[in-house]
S.K.: 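To start, I am sharing the structure in question, which I have written as C-alpha cells.
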Amino acid sequence: MVEKKSLNFIEQIIEEDLANGLDPKNLRFRFPPEPNGYLHIGHAASICLNFGLGEKYNAPVNLRFDDTNPAKEEQEYVDAIKRDVAWLGFKWDKELYSSDYFQQLYDWTVEIIKAGNAYVDLQSSEEIAKQKGTPTEPGVAGPYRDTPIDENLALFEKMKNGGFNEGEAILRAKIDMQHNNMHMRDPIMYRVLKKAHHRTGNDWVIYPMYDWTHGESDYLEQVTHSLCTLEFKSHRDLYEWYLAQVATTDNTQPKQREFARRNISYTVMSKRKLLQLVQENMVSGWDDPRMPTISGLRRRGYTPNSIRKFSEIAGISKRDNVTDVALLEFCIKDELNKTAPRVMAVLDPIKLIIDNYPADKEEILIAENNPEDETAGEREVPFSKELFIEREDFREQANKKFFRLKIGGEVRLKNAYIIKADSVEKDENGNITVVHCTADLDSRSGSGTEASQRRVKGTIHWVSSKHAVKTQVRLYDRLFKDEAPDSHKDIDFKQFINPNSLKTITALVEPSLLTSKPGDRFQFQRKGYFCADTNSTSNQLIFNRTVGLTDSWAKEEKKTAAPANDASYDTIIVLAGKHLKARNNDDRNSILSEIEPLATQVNKEVLATKLNDAIANKDVLAGLLTLKFTGITSPEEKAFIAKSLGMKNGSIKLEAINITITDAELLLENKTLLETILAEEKSPFIKEIIEKALT
RNA sequence: UGUCCCAUGGUGUAAUGGUAACACAGCGGUUUUUGGUACCGUCGUUCAAGGUUCGAGUCCUUGUGGGACAACCA
C-alpha cells in the first residue's frame, strides 16, 4: 500500500514546475546563511526544507555564504555554520561564497550602467532616504538620477578605486521612484566600505548589497528554487528585476518563493536578539544549553534526528506561528526513550540506612540498561547498607496517593530489595538527616524467590553511599517566562527572562557513569534525560538536563496544593487571550459572560501577586476583566489600573479607561493621567469617552 | 491612510470544489520493579457577511483581525 503524503506548498510549486516541463535533473537548491551569527532552530527549518527537498528530488544543495558585508561577518561563524549543518546530517554539494562572485557582479554592473540602468548618487544617506518617500507616499527623483552614462561610469570606477570615502557615494539601480514597492525606488547596489573582508581581504572597497547579489548568485549556480522567509516577499520584484538585467533565456531562471519563519514558544528567534543575550552575558555563549541555537541544543543533549523530526512535523506554511516548545521536547523524549541508557542518579540526596543489612556487606546487583531496547544489555550496580535516596521520595506521613516511602510503608528499591521505613533522625532544626528502614532480604530483584515477585506500589531509585560519585548537574528551564517574549511591542524581550532558567546542583550518581564521555546521553531514572557536558571529565562529571520526564505526580500535587481559585484565574487568562483575538463584540461579550462567574471566585491574595507580575497583554487584560466584576479596593489594584492605563494595546486601554470612569474615586485619582492620554490619543472613540467622563 | 501576504481545535499542520483530519498539549483510565514508556478513551476547529455551485475550509466580493515593507543589514 502506498501512503500518500500531502505536499507542503513549496513542494506543490516544484511539482507544478516539473509538470510544466522543468527537467528534474536541473533541480537545485541552496541554503544561504550570512556568517554573522550562529544558526538556530528556525534556520534548522530552512536547512531541513532545502536539504530535505534535495534528498526528495535527488537534487544538489549548495551551502552558500551570503558574505557581502565585511563589517559583520567572520570566519568563526562560517566554521560554526558548517559544523551545525554537517551535524544535522546534511551533505552540501558545493561550499560557495557570494564573495566569489564580486568580479562577475562588478562586470555586470558596468554593463547595467552602460545600459543607462544604474547611476552613482553622491548625496548623504539622509537626503536619499528623504527622497525615497514612505510606504504610503511615493518617492521623488534625486539630482543625480539623470547623470550621463559616461560620467556614471567614471564615478563608479572612482568608487571602485577608493576615490570616495564611506558614505560619500553609492551606486543605485535606476528603476522607479514612484513604485508602490519601496525596494524598487532606485535601490542601492553598491556602497563604499573600506574594510577587510574575511575572504577577499583588501581587494575591494565597494561591496554589493544583498539584493544585488543574492539572485545573481542563485543564477550563477543555476539554483531553480530560491527559498527564503516571508520578510523577503517584497524583495521579489527586485530579485526579478535584477535577474532580467543579467539573465539569458537559455539558462535556468531561479525562482524566489517565501515561507514563514519558525518561532518557538518561550524563546526568541532572531540573531540580533540572541547576539544581545550573548553580549550582555545573560547566557554563557552561543552554545549555552538554554539557547535555541543548534549548538545550544546540541550541548543541551538534543540529537540531529530529533531536530529533523521536529522540523518535519512542524511543517512549512505562510502563516505567522509560535510552535509549542513541548513539540520539540516531545521529539527528543521520543527518541531518547528508545536509545538512552538508564542510570540511577540522586539529585537531592537523603541518607537511608538499612538496619538489618550487614555493615560490611557489598553486593553487585544487575540492572537493565534500557527496558525499551533488549539489545542494550545489563550493567552492574553496587549495593550496601547505607544508601542515598531522593529527598522528595520520603515523607514521614502521607496520604495513600503518595506511593513512595513513608514510615511503616513499603517501597521497592529499583533493581534491589523491598524496604519498609521505620524511623528518622533529625538535626536540631528538625530536618530529617537519616531514614532508617528494614529490608525484606528475600526480595532481591531477579533472585526468583517468591518474595522477589511481590508487588509493591512504589519503586524508587538510589545510589550506594560508599560508591556514589559526586557530579555537577545543571538543571535547565525555559529562558523566558513569556510564551512570545518578543511579541510585545512596548516591552523589551529581556523583561521576560526567567531568573530560574539554570540551577546548578551537586548530585550523586552510580559509578558506571565514571566512564561517560562528553555528549553521552542518559536517562536518570524517574528524573529526566541528561547529557554529559562538553567539559565533563571523569574527575569532574558534569551533566546537563536535556528535558525532564513527564511527571504526573507533580501534576497531581499541584492540583491539590494550589489554591482552588488559581484555576479560575488561569481560565480567565486563557479567556483574556481569546478576548484579545476576538474580532467582534458578540464574541467579546460571550467571553465576558464566561469570565464573570470565574472572577467572583478568584482569591484576592492570588490576584494581587498575579497583578504584580502581569506584563504581557493577556495577563494585564485578565486582571482588568477580573477587577471589572470584583471592583477595585486595595492599593495594589489601584496601582494596577494606573499601569494598565499606560498600556498601548487598544483593548486594554479601553477596558482600563472604562473601569476608571465608572468609579468616582478612581476617576478623581487618575484625572491627570486621563488628561495626558486624551492629549496623545488618536482614536476619536476613546477620546470621546474620556472627554465625556472628565466633564 | 498605500501595496503585498496571511486567517482551520489551546499549539503546529492536513484536507488540491465532495464525510473537517493528524500530531503535540490537556483531561480520564489500563498496564508497569521508572508516577517514565506503551495502550485505550476524551475534550475541542474552518474570522464575519454576502455571492457562485447540486455541493465551499477551498472559488468571488466586501468587511474584520494579524503581519511585512520607509538600513549605505541580510
Side-chain angles (χ1 to χ4, degrees), chain A residues 5-8 12 32-34 36 66-69 71-73 121 124-125 128-130 132-139 166-170 179-183 185 188 190-193 207 209-211 213-214 228 230-237 258 260 262 265 271-272 313-331 333-334 337-338 342 344 368 371-372 401-404 412-416 418 445-446 452 454-461 483 523-528 549-556 574 577-578 581-584 586-587:
Chain A
K5 226 181 143 257
S6 58
L7 303 175
N8 65 46
Q12 287 173 31
E34 182 190 11
N36 70 340
D66 230 329
D67 55 347
T68 58
N69 186 352
K72 294 205 283 186
E73 293 148 10
D121 197 324
S124 70
S125 59
I128 291 171
K130 216 163 127 195
K132 218 161 193 178
T134 69
T136 53
E137 301 157 48
E166 290 184 18
E168 285 179 358
I170 55 161
H179 204 286
N180 267 331
N181 185 342
M182 296 280 296
H183 297 286
R185 324 240 258 233
I188 297 171
Y190 278 95
R191 76 285 214 195
V192 175
L193 248 27
Y207 290 91
M209 299 288 288
Y210 164 83
D211 291 293
T213 302
H214 199 93
C228 60
L230 239 28
E231 66 267 28
F232 291 98
K233 176 67 213 285
S234 58
H235 293 241
R236 194 149 111 191
D237 287 342
E258 311 82 12
R262 172 77 36 210
S265 61
K271 272 198 244 178
R272 211 195 87 241
I313 53 184
I316 293 287
S317 74
K318 294 175 80 164
R319 297 153 45 174
D320 292 340
N321 60 78
V322 182
T323 305
D324 193 339
V325 67
L327 187 64
L328 217 208
E329 292 176 345
F330 163 77
C331 291
K333 282 194 276 190
D334 196 41
N337 175 49
K338 294 176 191 122
R342 272 59 169 170
M344 291 196 283
E368 215 180 358
E372 304 296 317
K401 274 193 168 171
F402 180 85
F403 38 89
R404 283 121 91 137
R412 159 80 63 185
L413 291 173
K414 179 85 184 163
N415 305 310
I418 293 170
S445 296
S452 74
R454 263 177 64 210
R455 293 172 138 187
V456 288
K457 186 70 178 158
T459 300
I460 63 174
H461 60 280
E483 269 176 22
Q523 186 196 88
F524 288 3
Q525 268 180 130
R526 305 209 299 133
K527 287 280 130 191
L549 255 29
T550 307
D551 191 345
S552 29
W553 167 242
K555 271 180 206 165
E556 182 66 34
V574 173
K578 286 189 180 179
K581 275 168 80 175
R583 296 163 186 119
N584 61 62
D586 283 352
D587 288 354

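Every chain is numbered from 1, with letters handed out A, B, ... down the list of sequences.
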S.K.: Between A:K555 and B:C27, does any side-chain N or O lie under 4.0 Å from OP1 or OP2?
M.R.: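 A:K555 to B:C27 OP1/OP2: side-chain N or O found under 4.0 Å.
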S.K.: Would you kindly compare A:D121 and A:D334 by the position of their nearest RNA chain B nucleotide and give the one closer to the 5′ end?
M.R.: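 On the 5' side of the pair lies A:D334.
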S.K.: OP1 or OP2 of B:C6 less than 4.0 angstrom from a side-chain nitrogen or oxygen of A:K318, does that happen here?
M.R.: yes
S.K.: Of the listed nucleotides (B:A74, B:G35, B:G2), which one gets closest to any side-chain atom of A:W553?
M.R.: B:G35
S.K.: For A:F403 and A:W553, I'd like to know if the aromatic rings sit close, meaning centre-to-centre distance below 6.0 Å.
M.R.: no
S.K.: Look at all strands and tell whether A:K233 reaches a base, only sugar-phosphate, or nothing, counting heavy atoms closer than 4.0 Å.
M.R.: sugar-phosphate
S.K.: What contact category does A:N36 fall into here, base, sugar-phosphate, or nothing, at under 4.0 angstrom with non-hydrogen atoms?
M.R.: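 Result for A:N36 = nothing.
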S.K.: Looking only at N and O atoms, is any donor in the side chain of A:R262 or the base of B:G12 less than 3.5 Å from an acceptor on the other one?
M.R.: no
S.K.: Can you tell me how far P of B:G2 sits from CZ of A:R185, to the nearest Å?
M.R.: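 The answer, rounded to whole Å, is 14 Å.
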S.K.: Just how far, in rounded Å, is C1' of B:C72 from CD1 of A:I170?
M.R.: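 Rounded to the whole Å, the gap is 6 Å.
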S.K.: With a 3.5 Å cut-off and heavy atoms only, can you find an N or O donor on one side and an acceptor on the other between the side chain of A:Q12 and the base of B:U16?
M.R.: yes
S.K.: Hey, does the side chain of A:T136 come within less than 4.0 Å of B:A70's phosphate (OP1/OP2), counting only N and O?
M.R.: no
S.K.: Heavy atoms under 4.0 Å, any strand shown: does A:F232 hit a base, just sugar-phosphate, or nothing?
M.R.: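 Base: the residue A:F232, judged by heavy atoms under 4.0 Å, touches a nucleobase.
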S.K.: Which is more 5' along RNA chain B, the nucleotide nearest A:D67 or the one nearest A:L327? Just name the residue.
M.R.: A:L327
S.K.: Would you mind classifying the nucleic acid contact of A:K130 as base, sugar-phosphate or nothing, using non-hydrogen atoms under 4.0 angstrom?
M.R.: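 Here A:K130 touches no strand at all.
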S.K.: Is there a donor and acceptor pair closer than 3.5 Å between the side chain of A:H183 and the base of B:A70?
M.R.: no
S.K.: Assess, by modelled atom type and distance only, whether the side chains of A:D66 and A:H214 contain a donor and an acceptor separated by less than 3.5 Å.
M.R.: yes
S.K.: Can you tell me which nucleotide in B:U33, B:U11, B:A74 comes closest to the side chain of A:D324?
M.R.: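 Closest of the options to the side chain of A:D324: B:U11.
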S.K.: Using a 4.0 Å heavy-atom cut-off, does A:P138 contact any base of the nucleic acid, only the sugar-phosphate backbone, or nothing at all?
M.R.: nothing
S.K.: For A:V322, which contact category applies under a 4.0 Å heavy-atom criterion: base, sugar-phosphate, or nothing?
M.R.: sugar-phosphate
S.K.: Would one find a side-chain N or O of A:S265 under 4.0 angstrom from OP1 or OP2 of B:U11?
M.R.: no
S.K.: So does A:S317 get a side-chain nitrogen or oxygen closer than 4.0 Å to the phosphate oxygens (OP1/OP2) of B:U13?
M.R.: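 For A:S317, the contact criterion (side-chain N or O under 4.0 Å from OP1 or OP2 of B:U13) is met.
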S.K.: Dot-bracket for RNA chain B, please. Rules: Watson-Crick or G-U, both distances under 3.5 Å, ( ) within the strand, [ ] when a pair crosses earlier ones, | for another strand, . otherwise.
M.R.: .((((((..((((....[..)))).(((((.......)))))....(((((..]....))))))))))).....
S.K.: For A:F402, answer base if it contacts any base atom (sugar-phosphate contacts may also be present), sugar-phosphate if it contacts only those atoms, and nothing otherwise; contact means non-hydrogen atoms under 4.0 Å.
M.R.: base
S.K.: What orientation do A:Y210 and A:H235 show, parallel under 30°, tilted 30 to 60°, or perpendicular over 60°?
M.R.: perpendicular
S.K.: Between B:A74, B:A25, B:U13, which nucleotide gets closest to the side-chain atoms of A:R191?
M.R.: B:A74
S.K.: Sticking with atom C1', work out how far B:U53 lies from B:A70, rounded to a whole angstrom.
M.R.: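 Each nucleotide's C1' atom is 45 Å from the other's.
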S.K.: What is the nucleic acid contact for A:E372, judged by heavy atoms within less than 4.0 Å: base, sugar-phosphate only, or nothing?
M.R.: base
S.K.: Does a side-chain N or O of A:T550 approach OP1 or OP2 of B:U37 to a distance below 4.0 Å, or not?
M.R.: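 Result: yes.
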S.K.: Kindly say if A:R319 contacts the phosphate of B:U8, meaning a side-chain N or O under 4.0 Å from OP1 or OP2.
M.R.: yes
